Each structure stands twice: as structure tokens, then as C-alpha cells.
Amino acid sequence: MIREMSFVAAISVFCIGLYCVLTDRNLIKICVGLSIMESSIVLLLVAIAYREGGLAPVFSAEIETYVDPVPHALALTAIVIGAGVTAVALGLSVLIYRHFGTLNIDKIWRSLG
Amino acid sequence: MIRPSFALPQGLEGILLAVFIVMGVLSLVYAFSAYGYGFSRRGLLLNTALLVHILGGITALLAADCISLLVGWELLAFSGFFIIVGSTEIRPGPRFAYEYIAFQIIAAASLFTGIVIHYSATQSLALTVVSPASTPAGVFILFAVALKTAAMPLHFWLVDSYPAAHFSVSPLLSVYGTKVGVYTAARLLSVPVLPYLGAFMALTGVLWALRQHSARKLLSYHIISQVGYMLIGVGLAGEAGINAGIFHAVNHIIYKALLFMVIGAVIYRTGEEDLRRLGGLGRYMPLTFLFGVIASASIAGLPFFSGYTSKALLKSASGPGVLYWIMTIVSAGTGLSFIKLIYAVFLRPRPRNERIAEAPAPMLAVMAGLALCSVLTGVFPSRIPFLPEYRYYTADRMLSAVLPLAAASLMWLFFGRKLLLRDHSPGFQFSGLLSRLQGKGRLLLKSLVRETLYSVTSFQVYILVALTAWAATAVLFILRM
Amino acid sequence: MSHLPVLVIVIPLIFAFLSSLAGFWPSAVRRGIVGVGFLLHPLCVVLLVSRMLIRGPLLYEVGGWAAPLGIMLLVDELSVIFLCILALGMFFAFLYSFSTGTARQEKLHVFFFLLTASISGQMVAGDIFNLFVFLELTTVVSIALVALKKKRRPVISAFVYMVYAAISSTLLLIAIALLYNATGTLTMAHIAQRISYMPPASYAVVLVSVVISLGIKIGLVPLHFWQADAYDGAGSTVAGIFSGVVMKAGVYALLRLIFTVLGAGGAHSRLLFGFLLMAGCINIAAGHIGALFQLNLKKMLAFSSIAHAGYIFVGIGSGTAAGLAAAVFHAFNHFFLKTALFWSGRFFIAGKRSSFIPRMRGIAVSFPAMFIMFFLSALAIVGIPPTAGFASKWLIALALQERGLLLPLVFIAAGTVVSLWYYARIFVLAVQHPHETGNGIQGARMTKRQAAGALLVLMVLCLYSLSAAFFPQDFYSVFEAAAFRLREPAEYMEILLAGALQ
Amino acid sequence: MSRKGKRRQRWIVLGVLICCALVLGTAILPMSVSAERVSDHYIRYGVSETAALNLVSAVLLDYRSFDTLGEATVIFAAVSAVSVLMSGGGLSRNRRTLSNLARCAVANIYPVLWLFPLYVILHGHLSPGGGFHGGVTMGVLLIMISVLYGTAFSLPKLSLTALSYTEYSSALAFILVGLAGVVHGSGFLSNIGAGFFKGSPGDLVSAGFLPLLNVIIGFKVAAGLVSIYYQLLRSGD
């Protein structure tokens, strides 16, 4: 039951991130929306790794069932890549602010059009 | 891989190839003497375009498989485009060049599709006749040929672009453009409808030519009607028809180029092309006048001139019937319009204050050579190899050629001057429609794409479109998988 | 065992780090390092290609672990073809950037090395997550390359591209997570074997997510809006690399994921091929019409790339081995043509100080050599018979004709007509006399050395595009072998599983 | 866009998002855990093969270390991208500092703060954590200095060129460790197979080059983060 609930949570976080990206007018908030989307993927990966009664995959003699370590490794890589992309995105936003003097998309597009 | 292969054509097509090469050289000499670019940067571009045009004609004839034929077509299309663009300074040049290249490339594209279908049916690229003419391959190739030979509803490109080019390059353009289409029809098509398409072209070509008052437009319409003759020949099944068609093409190349050169010399000297403002040049340019008369006699089919021999062959190949009568009516019309041309340019009295010099020496030399050719083929037709044995000068055949010409001169005497030299409305300008269409199209799409879709809505709408595409395809796959 | 497959990735990485380190050292040293770097990578690729053609597919276990445990690198015909594109592309890009002075832009060579490493990583990856990591590396580098000029429009285009790329990578990551959950492994061959464990609904969503996510990278129509602005923002050198090499990496990833991993060659693929065919036709139409009404040279070339992506989709969608081989061959040819167009176009844009086509009157007179190169590659890309473009378009048409699909054939023929129309538009302007030379702003006069270097590169590209039709038959047999191996992944799996824990 | 237009767009977006959620739901929810998995092998033989207790680090740095190399390059690419985008303006030496209270508090406990990242990096293969986690915390500590005491104080201590040097050389170090496997002949980035000291699980120095890689990654990530921070501080050109 917990697996299905965590899947639903992952999907809803993904949709919240998407909603933020699609409707927000501020560039920084779009970057935030993107990182929410990426964290929803990490949530999905960890949910996939879950095993009934499994503990953290650090070996110690008395534990027998462990959670699946591979998705955790993938999650770490996904987080790092998300951080890289977000860093570049924030750099771009600073540059856009310097050129257009505003972070509001409508104003930027109107001055571009 | 696909490797174009070439082979020397046998029989009459060999003669056609020889004429292509000779005419190429002669019209190059004519062009160099006529346009003033010489070897400036623009001249170099134009010269290369002319040479590539000749190369294209030759590749098309040497082609042993469909691919190299297509290569020939494309080379002609491209070099023709550059000739028209490069040769003229005046504004309308490029717009007509656009139209020229558009029709040529649509023709090449439909030939490409036809060849693909033909190849997949016969698994070989050889230039074999498309057997069941009704297959899509036959239809595509027929459409390509109709476009290339400027059949009547699709003739706008020829009539607009040839007169738009500089008068010095018109003879060269007239040699290769449409004859390659006739050659393709000869090798690929055996469609029963072709002769009737040719007859329709010949008839309407002459009728529209009578209405023209610009010399080179008149000549362009006559190209269409003469090519109609060739298609009649080529369309008739059997060796005789194809030989007659190709022989008519050979003759037509010579006298049509001569006509363009004569008009070119006139434009070179007077700078005027409109028949209503020309006249009285007989006294100033006697030699050009002589060559003009010889060429008009050949095209009209007067006995002892080259036109007569090939038309006689065509009439014998088609046999008595509707084609025979259409051919006689068309030769009457041709005779009438060329009497009009000679009268308007040379015979009509027009006081001229300044003296007009004769055409320059190299032009006269080239024109003399061509005039000699047409007279010789007219007088000694049996000398030409590969032609079937045929008695050209029997009484009834000469009579059937002279009668329509006599009728034409009678018509000219009674109401020629009044009717044919009034100024007419310029008629339907297809190219104008094209550029208006493109302009409107650009505005429509510009407003659609640039203004509404892009600037008002930001990239978020496009991300939304991407997501809907993803969701829709996913639902489609889930339901159908 | 030969370490070539991994060296192809590691060497550009080393030189990326070295050349950024060299940023603090004198420029002679930096130029030397960069010079050695961009010679070494093609050398490795040549060795790898020759070894692969002689001994057949190569298998490399990174870290010494057997198949499902560690990461596998596998080199077969398909990856060899695309590696050739990459090696040639980056080698010419270095030469071209040196000769036209764009090399002065700092860190450009670092990004070129990173791009080489990441795309060769994708080409030899035998593991879907490894493929994802290198795809992401390409994206980050491309974002930086688009915004390299830091002007108003490129920066916004880079931001838009970044949002598109983020969505594309999220979709791909979801697909990878689902594949891992169903099959338990990340190695392509194992997933292909155990794909039947997946419930059909999630198999469908995974397939669609992969197609759409890589469609964004290649330029599938409803997802292509970022491409025109990104190419316009990036310099012509970089745009040539994007449309020539980076887009092909997307095509390779799509082919590898669809055919080898998700087994599209199998039974239920009729729907996928139908979708790809329809998408291809839409791409051709939208690409050519978009290019027709585009007044900016680089955007026009970008839309033409979208149209040629359509040809590749149609080739794949024809569903036959011949069609697939033709599609890969078209991707291979398209690199030579489009890069030559962008790189010769650069001189027109630099000369006229703007990429606005109506301002390009008389470029044939002021840049005759470059115009001839532009003209020849335009002829080739439109598909005029003796050229390479025609050869691949002809083969795609044949494959379609085999399956009796007439509609795409008409789209291809119409595409030829429209594409020639918008290229002829430039020839018309180019040949005319440049009137307004008087307004003072003379274009950047390029030094003789600059033009010579660039001209050499362009001549090689045009030489290929004109002579491709005359290459021997066994040049094309590599493409057929690649298509055959894609459609029958069984043999591919044996090799991968040969050393596997079973 | 008019107010009504904005509201209409919101509804459209909501509709599309619900469709996406439904599609994802139909794909993800019916997923069940598949039978034999690679992770069973990792769990059963992981410790014996790599002598690392933390199986995630074993997977990250030993079994699938090529991904981690790719990932480290992504950070490298991000850092050089930001430095290119932000180049131009000078790095202003400002004296903006936080309140006196914060500065005194941190001045005293700063050395203790360093214990945590160093522990996390060095024990990456024994307890949860590793190069990336430690690197990030180390980066934050360095950034904290310049936030608290202003860049005039922090820049002379740790200049941009020093940061770039550490980052580029640690990236090269990572590859050299990998090349050791190639030289040894057992494959790029191979750990125990290439003769690194395996040691017994649980010791500080064990599990081959895992601790070494953790340290390298730690410094690389820290240097990367701090140089991004300084780049973003640059004033416009």
C-alpha cells in the first residue's frame, strides 16, 4: 500500500512542479518549478527502491532485508544533474535580468516581439 | 549505389545531339558579341551558366538511364535560372526567373516520382518505355513532359521568362529547354493522348501568338506551337512518327534560333522590341532582313525550306485525319503571324531621323550559317543520314503546303494591318499572381506565426503543446497497444 | 583487450580539463594542447572503426565487472557510423573555428571537447542510465554554447532551450525508472530480454516518453519551437555543429532505445511505425513551409534541419530494413550538407553584418568562393540527382515504394520543390548587383588566411556531398548491416550476455 | 494577456496536467517488483567484492563508477558554463557583512563545523554519505565565510583562480585513478581488480580507491559550488 501511495505522491509533486513552470511569470520561479519536477523524479526513484521492511543499504551483520541500492545511486546522480542544470538556469536568469531589467516573462516577450 | 551512365544515341537522335552541340557553339558566339559584360565578374557567372546549360542539354541526350536524364533536366533548370537572372538588369528579370525555376523543378520532381515508380515496377533504371501508360509512373512522366514542353495550360513560364532574359541569351535558351522534353517523351512515353495534346498546343500556340505585339513573346508562343508539332510526331506510335518528330525538332532548333538572332540584332541596333514602334528597317539592315525572310519561310513551311520537309514527313506519318487538318490550319496561322512580323519590323514605312547601322559582323556570320543550313536541308533533304526514303517534292504535297500560305497572305492583305497591329491588353500575367500569392502568403503566415503565436504567448504555451502531444500519443498507444 | 571504446570518451575529457587548466598558462601552450587534443580523438575513432569493421562488434566492461553488474560499452555498425559523423564534425569544427577566429571566444574549445566526450559516450553506451548521463552532459554544454554570445536574443533562446531540455530529461528519467522497476537491470541487452515483464500500459508510456523526450532533441514538429531561435542565437560555427552532430546524437539514441531496448522490430510495432511515418510527414511539411517564410538565414537553415529530421523519421517509419538503412544514410549525409551550409553562410552573415536574407544582395559577387560552396551544398541538400542528398532521398523513396506508401512519397517530392524554392531565393539575391554598398558599414573583411582555412574545410564537405553517389557498394553495406542488426537485436544480446552472470 | 485570458490559460494548464497525471498513473501504479534483480547480487556479494559497507557508495563508485565520472563532468560543465556566462564584470570586493553577533558566534565554532564534512567524505564507504554530500557541505562552509565577512575578507583567502585550479586538477585526478585500471590492464576505473588495497570491510582505509575518489569528488564539488557562488556575484559588464 505504501508503494502505491508514494507513487501517487511522486506524480502529484511532478504535476505541481509542471504547473509552476507553466503558469508562473517570474523566471526564478520557473527555475524553482524545474527543480521541484526533478525532485519528484528522485521521490519516484526512492519509491521504486522500497522493499517491505527493508532498511538503508548500509551493511551490518544483524540486518537481512535491505532496500534496493541501485535507485538510490540513480537518485544521487539525478540530484547532481538537476543541481547542475539549475545552476546554469540561475546564471541565465541573472544574465536575462541584466539585459531586460525585468524577470517578468510578459515584459521580456513584449520587448522582444 | 546509383551511378549515372551515358551512351551515344544512335540514328536521328545522334543528329539531334550534333545539332545541340553546333547550335550551342553558334549561340555562344552570338551571345558574347551581343551582351556587353565581356569577362567582368558578372560576365564570368553568366558564361559559366551558359556553358552549364549546354552541358545539361548534352547530358540529357547522352543519358543511358533515368538518373542521368534527371541530371540533365536539373542542370538545364538551374543554369536556365541563372542565365535569366544574371543576364538582365531590369527589374522583372528575377521575378520571372523565380517562375521559370519553380515550373522546371516541379517538372523534375514529378519526373523523379515517375522514375521511382517506374523503377520499382521494372527493377531497372534503363530508359525503357513505360509499358502500361495508365500506371502512376506514366501519369507523373506525362505531367513532367507537359510542364517541360510548356503544354498550353502550363506554358506561362516559357512565355514570361524567355522574353525577360537579355536578347543575347534568348537563342541559346530556345535551343535546349523544350527539345529535351520532346526527347524524354520519345524515349519514355507511348501515350495515345500525346499527339492530340500536341495538336491542341500547336493550335492554341498560334492563336495566342497572333495577339502578341512584343516580337520575342510572339516567337515564344511559336516555340509552343512548333513543339506541339513535335509531340504530334513523337506521340504517333511507330518509327516513322518518332523520326518525323525528331527531324522537326532538328529543323526547328535551327530556324527558331535564327529568328531570335534576327530579332536580337534588331533590338541590339534600335533597343526597341514592340512591333507597333518598329518599322522601316529593311533599308538599314538588308542582310538581317534577308535572314529574317529565310527563317520565316522555313517556319511557315514554304517548299524548298527546312520547315517544309519535316512538316511533310509529319503529315505523311499522321496520315489523313483530324491531325492532318489541324496541321494545315496551324501552318496557315504561322504564315499569317510571320508575315505580320516581317512587315511590322522591316517593310512598314517609318521615317527615321538617325541612320541605323547593320548588325555587327560576328552576328551576321552566325545568322548566315544558320540561314544556309535551313535552305540546304530544304533543298536536299535526302542528304541527311538516317532519314527514311521519302519523295518530298511531289505535286500534291507541295500544293498542300502552299495553299494554307496563300490563304494566309490573302487574309493579311484584306484585314491584316488593321486587326493585328492594334495594341491589345497585356493579357493574364501569371507571374504577377505568383508574387502576389507569395506576398499574401507571407503576410498571412507572418501574422499567424510571428505576431499571434510568438510574441503574445510565451514559450510556456509551447511547453504546454509539447505536454499535450506527449499525453495524447501516450493515450493513443495505451489504447491501441 | 583494447581499451579503445573507453579511450574515445576519456581522451576528450582529459583534454577538456587540460585546456581549461591551460587557461592560466601562456596561449602558445593552450593552443598546443588544444591542437593535440583535436587530433587524438579522430585517431582513436579511426582505430576503433577499423577494428570494429574487421573483428565485428566490440564489447568493453568498464570497471572490470561482467554484464549486468557494471556498465557495458558496445560498439557496433550503428555506433561506428555515428562516431564517424562525430569525429569528422568536431575535427572540422576545430579547424573551422581556428581559421575563422571564433577560437578567441574563451572556453569554446573546452565546450567542444566536452561535447565530443559526451556524444561519443552516448554512441558507445550499452547502459541506458549511462546514455542518460551523457545526454544530460550534452544538454548542459549546448545551453552554454547557445548563450555564449550573451546578447539579448541568444540568452532568452538558451533559457527556453533549457526548459525544453529539462522536460525532455525528466520524461527520459521517468522512462528509465519504469524500465528498471520492471526488468531489474539497466543494461540494454538484459532489458530487451525481460521487456515482456512490463505491463502493456506502462510499456506504451515508456515508449512514448522515449520518443517524445528524444523528439524534443531532434525536432519532432510540435516540440521544435526552441530550435530556430537556439540556432539563430548560437554562432554559425556552433549552429553547424548542433544541426550536424548534436541532432544526430538524438537520432542515434532514439534508434538505439526504440529498436534494441524496447524491441520495436517486434510484433506490436506497426502502430509505432505508423506514428513515426505520420510525424515524419508533418515534420517535412512544417519544416519546409517554415523555412519558406523565414527571413533569417540561420532560422531558415534550422527549419530545413527540422524537415530533414522528417525525412529520417519517414525512413524509420517505413518499417523495412531498407528504409532504416536509408534513414541512417540520410542522417550521415545530412551532417555534411547542413554543416557546409551553416559554415559558408557564416561569411555572408559576417559580410553583411546581419543574417536578414533580403540584405544579402550580391554576396555571390563579394564572396564568390563561399557562394559556390553554399550553392553546391544547397544543391545536395535539396536532392539534385548526382549528389549525396539525392542518393539517400532516392533510397528512402524506394523503401516507401516497396511498402506502397504513396503519400510520404508525395511529401518528399513536394518537399524537394519547396526546399529548392527557398534556396533559389538566396541565389537570386546573391547573383544581383549589390546596390547599397554605400551605407558605410563594410562587412568584416576576413583575412586571406581565415578564408583559406575555412575554404579547405568546406571543400572537403562539398567533395563528399558531390561524390557520395559514386562510393563503392560496400560503403553502403555498413549502413545495411547497421539496419539489420537494429531490427534483429538477438545477436546483439548474445554478445552482451556472453560474459554475463547467468 | 487579459485577466480573463490568464484565468482561461490556468484552466487549460490544469486540464493538461490532470491528463499527464492520469497517463503517468496508468503507467506507474500497476508496477510490481520484478523477480530476479541485479540489486540482489549487490546486496548478497557487495560487501565481499568491494569491501565497502555502504552499498550505495559501492554501486556509485565501484560497480557504476563511469556514471559518477559522467556526473562529475556535468558539474564541471555547469561551472564552466556559469563562469563563461558571467564573465566580463569584475568581482567587487565588498564589505557587506552580517551582524556582529553572527560573526562572533561563527568565529568560535568554525573549526568544529569542518568536522562534519570531513567525516562524511572520509567515511563515505562505511556510513551513509560520500564525496558529493561532503563536498556540498564543505562548499557551504566556504560560502558562509564570504557571506559573513564580505568578499573583501574571503577572496584573498581563497581566490577564484585557486578554486578553478582545485576543480580542474581534481577532475584530472579522477580520470588518472581510472587510467590506473587501464594501465593495469583490467579495464578503466576498475577497483580491486587493478590492485588497489582492498583491506577488510569496516576499516577506514579499505574498499580500494573508494575513499580516494570520495576525497577527490568532495574537493571538486566544493570548489565548483564556491566558484559558481563567486561567478553569480560578479557585477554586470
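Just so we're clear, the structure is a prediction, and the values are computed from it rather than from any experiment. By convention in this document, chain letters (A, B, ...) are assigned in the order of the sequence lines, proteins followed by strands, and residues within each chain are numbered from 1.
Both the backbone and the side chain of B/Thr473 come within contact range of chain C, with heavy atoms under 4.5 Å apart. For C/Ser209, the parts sitting under 4.5 Å from any heavy atom of chain B are the backbone and the side chain alike. Residue C/Leu220: no heavy atom, backbone or side chain, is found under 4.5 Å from chain B. Residue contact with chain B, scored on non-hydrogen atoms closer than 4.5 Å, is absent for C/Leu400. Residue C/Tyr161: no heavy atom, backbone or side chain, is found under 4.5 Å from chain B.
Side-chain contact between C/Trp394 and B/Ile115 is present, with heavy atoms from C-beta onward closer than 4.5 Å. Side chains of B/Phe78 and C/Leu379 form a contact here, defined as non-hydrogen atoms less than 4.5 Å apart. For the pair B/Thr113 and C/Val410, the minimum side-chain heavy-atom distance is 4.5 Å or more.
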Worked check of side-chain contact (heavy atoms from CB on, under 4.5 Å) between B/Tyr462 and C/Trp226: CA-CA 9 Å; B/Tyr462 293 128; C/Trp226 63 272; over 6 Å; no
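One distance of note links CD1 of C/Ile167 with CH2 of B/Trp470; it measures 11.0 Å at 0.5 Å rounding. Rounding to the nearest 0.5 Å gives a distance of 11.5 Å between OG1 of C/Thr416 and CD1 of B/Ile106. Atom CD1 of residue B/Ile117 and atom CG of residue C/Leu398 lie 11.0 Å apart, to the nearest 0.5 angstrom.
Among all heavy-atom pairs drawn from B/Ala469 and C/Pro222, the shortest one is CB-CG, 4.0 Å. Across every non-hydrogen atom of C/Leu271 and B/Leu476, the tightest pair is CD2-O, 4.5 Å.
Ring centers of C/Phe390 and B/Phe112: under 6.0 Å apart, within the cut-off.
Ranked by heavy-atom pairs shorter than 4.5 Å toward chain B, the options C/Val205, C/Leu171, C/Leu207, C/Ile216 are led by C/Leu171. Considering only heavy-atom pairs separated by less than 4.5 Å from chain C, the leading option among B/Val465, B/Leu70, B/Val116, B/Ile478 is B/Val116. Among B/Ala466, B/Ala109, B/Ala474, the residue with the largest count of heavy-atom pairs under 4.5 Å with chain C is B/Ala474.
Taking the six-membered ring for Trp and thresholds of 30 and 60 degrees, B/Phe477 and C/Phe275 have ring planes more than 60 degrees apart, a perpendicular arrangement.
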